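The shown structure was predicted, so the numbers you read here are calculated from the model rather than taken from an experiment. Per chain, numbering begins at 1; letters A, B, ... match sequence-line order.
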There are 2 protein chains.
Amino acid sequence: MSARTPESARDIPEATVARLPVYLRALITLADEGTATCSSEELATAAGVNSAKLRKDLSYLGSYGTRGVGYDVEYLRYQIAREIGVTQDWPVVIVGIGNLGHALANYSGFRSRGFRVVALLDADPVRQAEVVAGIDVRSFDDLDRIVVEHGVSIGVIATPAVAAQDVADRMVAAGITSILNFAPGVLTVPEGVDVRKVDLSIELQILAYHEQRKATAGTEDAS
Amino acid sequence: MSARTPESARDIPEATVARLPVYLRALITLADEGTATCSSEELATAAGVNSAKLRKDLSYLGSYGTRGVGYDVEYLRYQIAREIGVTQDWPVVIVGIGNLGHALANYSGFRSRGFRVVALLDADPVRQAEVVAGIDVRSFDDLDRIVVEHGVSIGVIATPAVAAQDVADRMVAAGITSILNFAPGVLTVPEGVDVRKVDLSIELQILAYHEQRKATAGTEDAS
DNA sequence: CTCGTTTTGTTCTCCTGTTCACAAACTCCT
DNA sequence: AGGAGTTTGTGAACAGGAGAACAAAACGAG
């Protein structure tokens, strides 16, 4: 009753998947503090959600808690890491070594969470002379070889917007099936390829909208 | 029937607010290409959503289209920009001038979309000697003065996780009411302060989960 | 061994967001 | 001027996620 657990959760809601990494981080923090056991209430507070939601989320993974006691921090941490898939290392390539590419290459949070940057690529020959974060920048044309060599399935796009679609196409052609895109604009990819977009200016614009509402709310209650 | 339009949209759903900047960017692209008019179908394609959702989203702002014709690109662009609040300039401070802070300070997408970086702050005196993106890095202690001087209401946190909560507290104390946080972990802020979080490693972990599913899906269909 | 206490796992209800489908409104052609 | 053809705006059904509330299960005291 251990090998290939059949109840290993068929379809976890997308909203839950997005929160699992948050729980994982909270558990790591708790573990570092020496906490061996925690209740759903404690963990929920540490993760910034409410406890009912936390318990429901965890219930999609299985029954890893003990009623009347709580959750074993190390055990739950392992189970979530396994569910997400970060017990193994994921090789990652970063394309576009400008300011943002530099920052990403140097970001320690990747390495510490199961992601290993195996290559930095840039189309500009000038940049290919550089060494960033101990990795030398190579030509974008090496993409195919690197993907095959390291078994890369995740790519990060940190190029200007104009180059992003072309880079994505070549990534897909090389065999990459998950893309994290920092370039603004819409990426078109074939079925089966996952894209997640991070757009810094969109985040600020959302804040600006709410900020504007706060300002006008003060103006209009004079009626 | 023009001044202070009373139908100026009371409560726009959060999901819609998050998409308005995407529409805005798509409209700017269309305008640059010389397109004067577009249908909801065209704009939806350019923005990467379906047309029904687009029309419903726009309907929360008002009736800015013409049936049988479509939308005037420039007019709609202005209306959305006004609704978001990016027709005016928003002063922004960035705290934490490490790798990521550098990248953010140099990011041209902020300036071009109505955000002006008025100060770069860092607690480390060594960094305060630097000049980044034409702005000299100043002491974090100058925060209060700068916020008052420039009327800053939006702050960006690009510090290590351990400093983030303290920075947030001081931002709030200085009068900042919207925070964009790049540091991992949960930020606690008072009622009325908006926080948006961007966590790079969480995005990768979500991709890893789906990647893992793809891999095991191939393994298990042998039953 | 039994009872009370604690905390999980789950069910039910509510609410937000998405999609469909169509009437209203506009243009163009005859 | 009238009718055919488009395209918007929106009402209504549908799906998915959030939160409250409670039953089931474990522990510990006596």
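Of the listed residues (B:Arg116, B:Arg113, B:Arg111), just one forms a salt bridge (Lys or Arg N to Asp or Glu O under 4.0 Å) with B:Asp89, and that residue is B:Arg116.
For B:Ser40, a side-chain nitrogen or oxygen approaches OP1 or OP2 of D:dT8 to under 4.0 Å. An OP1 or OP2 oxygen of C:dG9 is reached within less than 4.0 angstrom by a side-chain nitrogen or oxygen of A:Tyr71.
The CD atom of B:Glu14 sits 8 Å away from the P atom of C:dG17 (whole-angstrom rounding). Between the CG atom of A:Asn50 and the P atom of C:dT7 there is a distance of 17 Å, rounded to whole Å. A:Leu58 places its CG atom 15 Å from the P atom of D:dG19, with the value rounded to the nearest Å. Between A:Leu54 atom CG and C:dT8 atom C1' there is a gap of 11 Å when expressed in whole angstrom units. The CZ atom of B:Arg55 sits 11 Å away from the C1' atom of C:dC22 (whole-angstrom rounding). Spacing between atom CD of A:Glu42 and atom C1' of C:dT8 amounts to 14 Å, rounded to whole angstrom units. If you measure from atom CG of A:Asp72 to atom P of D:dC27, you get 13 Å, rounded to the nearest angstrom. One interatomic measurement links the two molecules: NZ of A:Lys56 to C1' of D:dG16, which rounds to 10 Å at whole-angstrom precision.
Between B:Ile154 and B:Leu180 there is no side-chain heavy-atom pair separated by less than 4.5 Å. With contacts defined as side-chain heavy-atom distances shorter than 4.5 Å, the pair B:Tyr78/B:Thr87 qualifies.
Mapping A:Gly68 and B:Glu41 onto DNA chain D by nearest heavy atom places B:Glu41 at the nucleotide closer to the 5' end. Of the two residues contacting DNA chain D, namely A:Ala15 and B:Ser39, the nearest-nucleotide position lying further toward the 5' end is that of B:Ser39.
In this structure, of D:dT10, C:dT27, C:dG9, it is C:dG9 that holds the atom nearest to the side chain of A:Ser63.
Contact record, A:Gly155 with A:Ile176: N-CG2, 3.8 Å, taken as the closest heavy-atom pair. Residues A:Gln205 and B:Pro21 come closest through the heavy atom pair OE1-CB, 3.5 Å.
Contact annotation: side chain of A:Arg67 to base of C:dT7, donor-acceptor pair absent below 3.5 Å.
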